[in-house]
Undergrad: 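Input: one structure, supplied below.
Computed from a prediction, not measured in an experiment: that's the story for all the values here. So that the names make sense, note that chain A is the first sequence line, chain B the second, and so on, each numbered from 1.
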Amino acid sequence: MTQYWLMKSEPDEVSVDDALAAPKSTVPWTGVRNYQARNFMRDQMRVGDGVLFYHSSCAEPGIVGIAQVASTPYPDPTQFDRKSPYYDPASRQEEPRWSLVDVQVVKKTRNLTLPELRTTPGLEDLVVLRKGNRLSITPVEPRHWRQITKLLGA
DNA sequence: GCCAACGTTGGC
DNA sequence: GCCAACGTTGGC
């Protein structure tokens, strides 16, 4: 069964435009160093799952595109790269600690901004809007997915 | 830059 | 296993 997710990216690192410009509009979701977010990618995501591409830590945070999970999970190569900010000296090749999936942008949309999300009736309990939420990957309920994709005309 | 909220680390 | 200290996230 198809599931739905919201995935945060800092546009300074990988924006929706960067992803669109990549081969097959697909980017590896590198740099996740939170176990809960990793577990979503490693244990629950399936190819074809729907993804809301979200820009965070920027002037106008919000949902900026529709994407999909485009690979099964595999080890995040940046954990073994000494020059990467995501290098993890505690992770071993035989037993990688961090996994990721590839994400393919299906459609760039307008920016459905955080203030707009917060004030849209029906989205009050979207996981990413919950107080104190910091998770970079959160599940999205089917009804939220339907409402948001409709709002975006996607 | 500030700071609330949360996650991780490490001493005990 | 507890919990204080510290680090990170991310909106503002």
Undergrad: What pairs of residues pass the salt bridge (Lys or Arg N to Asp or Glu O under 4.0 Å) test when at least one of them lies in residues 73-86 of chain A, not counting sequence neighbours?
TA: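 For residues 73-86 of chain A: A:Arg33-A:Asp76.
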
Undergrad: Take atom CD1 of A:Ile137 and atom P of C:dT9, then tell me their distance rounded to the nearest Å.
TA: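 From A:Ile137 CD1 to C:dT9 P: 13 Å.
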
Undergrad: For A:Glu60 and C:dC12, what is the distance between atoms CD and C1' respectively, to the nearest whole Å?
TA: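 It works out to 13 Å between those atoms.
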
Undergrad: What residues, two or more places apart in sequence or in another chain, satisfy ring-ring contact (aromatic ring centres under 6.0 Å, His included) together with A:Phe80?
TA: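 Testing A:Phe80 for ring-ring contact (aromatic ring centres under 6.0 Å, His included), a comparison that skips the adjacent residues, returns none.
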
Undergrad: Compare every heavy atom of A:Arg38 with every heavy atom of A:Ser99, then report the nearest pair and how far apart it is.
TA: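 Nearest heavy atoms, A:Ser99 then A:Arg38: N-CG, 3.9 Å.
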
Undergrad: Is any side-chain N or O of A:Lys8 closer than 4.0 Å to OP1 or OP2 of C:dT9?
TA: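 False: A:Lys8 side-chain N/O out of range (4.0 Å or more) of C:dT9 OP1/OP2.
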
Undergrad: Please list all pairs meeting salt bridge (Lys or Arg N to Asp or Glu O under 4.0 Å) that have one or both residues in residues 5-28 of chain A, counting only residues at least two apart or in different chains.
TA: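 Listed by first then second residue: A:Asp17-A:Lys108.
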
Undergrad: Could you pull out all residues at least two apart from A:Arg46 that satisfy salt bridge (charged side-chain N to carboxylate O under 4.0 Å, His left out)?
TA: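 For A:Arg46 there are no salt bridge (charged side-chain N to carboxylate O under 4.0 Å, His left out) partners, ignoring immediate neighbours.
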
Undergrad: Would you mind reading off the distance between A:Arg33 atom CZ and B:dT8 atom P, rounded to a whole angstrom?
TA: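 Answer to the nearest Å: 13 Å.
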
Undergrad: Please write out which residues are connected to A:Met1 in a hydrophobic cluster, directly or through intermediates, given that two of Ile, Leu, Val, Met, Phe, Trp, Tyr count as joined at side-chain heavy-atom separations below 4.5 angstrom.
TA: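 Members other than A:Met1 - counting any ILVMFWY side chain reachable under 4.5 Å - there are none.
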
Undergrad: Rounded to whole Å, how long is the line connecting atom CG of A:Leu114 with atom C1' of C:dG10?
TA: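 Between C1' of C:dG10 and CG of A:Leu114: 10 Å.
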
Undergrad: Could you give the CD-to-C1' distance, from A:Glu13 to C:dT9, as a whole number of Å?
TA: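 Going from CD in A:Glu13 over to C1' in C:dT9 covers 13 Å.
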
Undergrad: Does A:Tyr54 place a side-chain N or O at less than 4.0 Å from the phosphate oxygens OP1/OP2 of C:dG11?
TA: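 Yes, A:Tyr54 has a side-chain N/O under 4.0 Å of OP1/OP2 on C:dG11.
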
Undergrad: Report, one pair per line, the protein and nucleotides 3-7 of chain C atoms (nitrogen or oxygen only) whose separation is under 3.5 Å.
TA:
none

Undergrad: Let me confirm one number: the NE2-CD distance from A:His144 to A:Glu124, rounded to the nearest 0.5 Å.
TA: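 Answer rounded to 0.5 Å: 7.5 Å.
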
Undergrad: Quickly work out the A:Met7 CE to C:dT9 P distance and round it to whole Å.
TA: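 A:Met7 atom CE is separated from C:dT9 atom P by 16 Å.
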
Undergrad: Output the rest of the hydrophobic cluster of A:Leu135: all Ile, Leu, Val, Met, Phe, Trp and Tyr residues reachable through side-chain heavy-atom contacts under 4.5 Å, sorted by chain and number.
TA: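 Members besides A:Leu135, by chain and number: A:Trp5, A:Met7, A:Val14, A:Val16, A:Leu20, A:Val27, A:Trp29, A:Val32, A:Phe40, A:Met41, A:Met45, A:Val51, A:Phe53, A:Val64, A:Val69, A:Tyr74, A:Leu100, A:Val101, A:Val103, A:Val105, A:Ile137.
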
Undergrad: State which residues pass ring-ring contact (aromatic ring centres under 6.0 Å, His included) with A:Tyr35; sequence neighbours excluded, sorted by chain then number.
TA: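 For A:Tyr35 the ring-ring contact (aromatic ring centres under 6.0 Å, His included) partners, ignoring immediate neighbours, are A:Trp98.
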
Undergrad: Rounded to whole Å, please give me the gap between CG in A:Asn133 and P in C:dT8.
TA: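 It is 19 Å, rounded to the nearest whole Å.
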
Undergrad: Taking atom P of C:dG10 as reference, at what distance in whole Å does atom CD of A:Glu10 sit?
TA: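 In whole Å, C:dG10 P lies 7 Å from A:Glu10 CD.
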
Undergrad: Could you list by number each residue of residues 115-132 of chain A showing a heavy-atom separation from DNA chain B of less than 4.0 Å, or answer none if no residue does?
TA: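 Residues of residues 115-132 of chain A under 4.0 Å from DNA chain B: A:Lys131, A:Gly132.
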
